[in-house]
Amino acid sequence: MTRRVMLTSSLLITVTLVLAPFYWLVVASTHSTAEVFGNPPPLLPGAHLLENLANLESSIGFSRVVLNSVLIATIYTVLAGLVCTMAGYGFAKYDFRGKELLFGLLMLGLIIPSQVTLVPLFKMMLALDWLNTYQAIILPNLALPFGIFLMRQSMSALPTELLSAGRVDGCGELRLFVRVVLPPMRPALAALGIYLFLYQWNDFVWPLIALRTRDAYTIPLAIASLQGATETDYGQILAGTAVAAIPMAILFLLLQRHFVSGLLAGAVKE
């Protein structure tokens, strides 16, 4: 009983510490800047949420910014999920010359800082006349090394006999991939989808370089543009940050069970 009480208490303290910043973010988004920096800081919701959202819309066209982020993150998640899943399947279940070498080179992408590629990537987008377009944000990172690694590890646990049985029954490779391989991979796909969506939703550095006009801004860029040299309306910033956190919270709550099991799927080797 003592161990159970201590374990429950420690978990409650940990959860409280994790959720406290998010609670304060939501509360502070309902206050004005003066109230946010008051002493003591506000711990209960205020009456300025609608005012902050209205100011946010008039300052940066926040509804347009949210639409940009939703479109970019959704399209990226679908396309990158397809690329990472097919590449992971190829590395896990096909034997070809140089496979280990190629996979090793791919894994180098996990240790090379993304900032190293910004200059050549910018020159490529400039040559293609893709600057300030959605494709400049979506296409360069479709083959994400971590996504391919995650799917490769998950698909390594898929029995090869299952694939052989499908081929004996006359399944082509595409039908085998869609009807046999993907259904057991739903937990891993959920984990991959959350990771890809979060990666694109929060991306700041590359969109800052590639996007030139405010109409094309994503949420991180738009919120950063609210910081003035002499005066900053933190009520607007906190309200925008709180709204930006809502889609990820909903997505994670809906797919939480699949997310955890998907991350653990690669722990079992074939």
Side-chain angles (χ1 to χ4, degrees), residues 1-49 52 73 77 81 84-85 88 92 107 110-111 113 144-159 162 182-204 219-220 223 234-235 237-270:
M1 179 62 69
T2 302
R3 292 179 58 189
R4 184 176 301 176
V5 170
M6 292 180 61
L7 177 60
T8 303
S9 300
S10 62
L11 290 177
L12 287 175
I13 293 173
T14 302
V15 171
T16 301
L17 292 176
V18 171
L19 293 182
F22 297 99
Y23 172 77
W24 189 85
L25 169 64
V26 174
V27 169
S29 67
T30 64
H31 291 270
S32 64
T33 300
E35 293 173 342
V36 169
F37 289 97
N39 190 16
L43 297 178
L44 295 176
H48 294 274
L49 177 60
N52 289 335
T77 301
C84 292
T85 302
M107 289 301 99
L110 292 174
I111 62 175
L144 202 63
F146 177 78
I148 297 175
F149 172 77
L150 175 64
M151 296 310 299
R152 187 251 190 187
Q153 293 301 104
S154 298
M155 289 184 176
S156 294
L158 190 68
L162 185 64
L182 291 186
M185 292 294 108
R186 279 179 292 194
L189 290 173
L192 177 66
I194 292 176
Y195 177 81
L196 293 175
F197 192 92
L198 180 62
Y199 173 85
Q200 188 59 258
W201 186 263
N202 291 333
D203 194 15
F204 176 77
I219 291 177
I223 292 178
Y234 285 96
I237 293 178
L238 292 169
T241 305
V243 172
I246 291 175
M248 285 310 309
I250 294 175
L251 184 64
F252 183 78
L253 289 175
L254 291 176
L255 300 176
Q256 178 183 5
R257 179 170 58 87
H258 296 296
F259 178 72
V260 175
S261 59
L263 288 180
L264 296 176
V268 181
K269 288 295 185 92
E270 182 183 5

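Quantities reported herein were computed from a predicted structural model and do not represent experimental measurements. These values consider heavy atoms only, across backbone and side chains, with no hydrogens, waters or symmetry-generated copies.
- Looking only at distances, a side-chain donor or acceptor of T30 sits under 3.5 Å from a matching main-chain atom of G46.
- Side-chain contact between L192 and C84 is present, with at least one heavy-atom pair separated by less than 4.5 Å.
- For F22, the ring pair (Phe, Tyr, Trp, His ring centres under 6.0 Å) criterion is met by no residue, not counting sequence neighbours.
- Side-chain contact between L238 and V36 is present, with at least one heavy-atom pair separated by less than 4.5 Å.
- When all heavy atoms of S154 and M185 are compared, the closest pair comes out as O-CE, 3.8 Å.
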Going by atom type alone, with no hydrogens or angles, which donor-acceptor pairs under 3.5 Å involve a side-chain atom of residues 10-17 and a protein atom two or more places apart or on another chain?
residue, atom, partner, partner atom, Å
S10, OG, M6, O, 3.2
S10, OG, L7, O, 2.7
T14, OG1, S10, O, 2.8
T16, OG1, L12, O, 2.7

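- Residues that satisfy the side-chain hydrogen bond (donor to acceptor under 3.5 Å, both in side chains) test with T33, not counting sequence neighbours, are D233.
- Between I148 atom CD1 and Q153 atom CD the span is 12.5 Å, to the nearest 0.5 Å.
- From M151, atom CE reaches atom OG of S156 across 10.5 Å, with rounding to the nearest 0.5 Å.
- Here the closest heavy-atom approach between residue I219 and residue A244 is recorded as CG2-CB, 3.6 Å.
- Remark: the backbone N or O of L196 is not paired with any side-chain donor or acceptor of W201 at under 3.5 angstrom.
- When atom types are taken as modelled, the side chain of H31 and the backbone of L44 share a donor-acceptor pair closer than 3.5 angstrom.
- What you find for L158 and L162 is that their closest heavy atoms are CD1-CD2, 4.2 Å.
- Shortest non-hydrogen contact noted between T85 and L182 is CG2-CD2, 3.7 Å.
- At least one donor-acceptor pair closer than 3.5 Å links the side chain of N52 to the backbone N or O of S29.
- Between the CG atom of L189 and the CG atom of L150 there is a distance of 9.0 Å, given to the nearest 0.5 Å.
- Under a 3.5 Å cut-off, the side chain of T8 and the backbone N or O of V5 do not form any donor-acceptor pair.
- We find the CG-CH2 distance between L43 and W24 to be 10.0 Å, quoted to the nearest 0.5 Å.
- Within a 6.0 Å radius of CZ in F197, more than 12 heavy atoms belonging to other residues, nucleotides or ligands are found.
- Ring geometry for Y195 against F146 counts as tilted: the plane angle lies between 30° and 60°, on a 0 to 90° scale.
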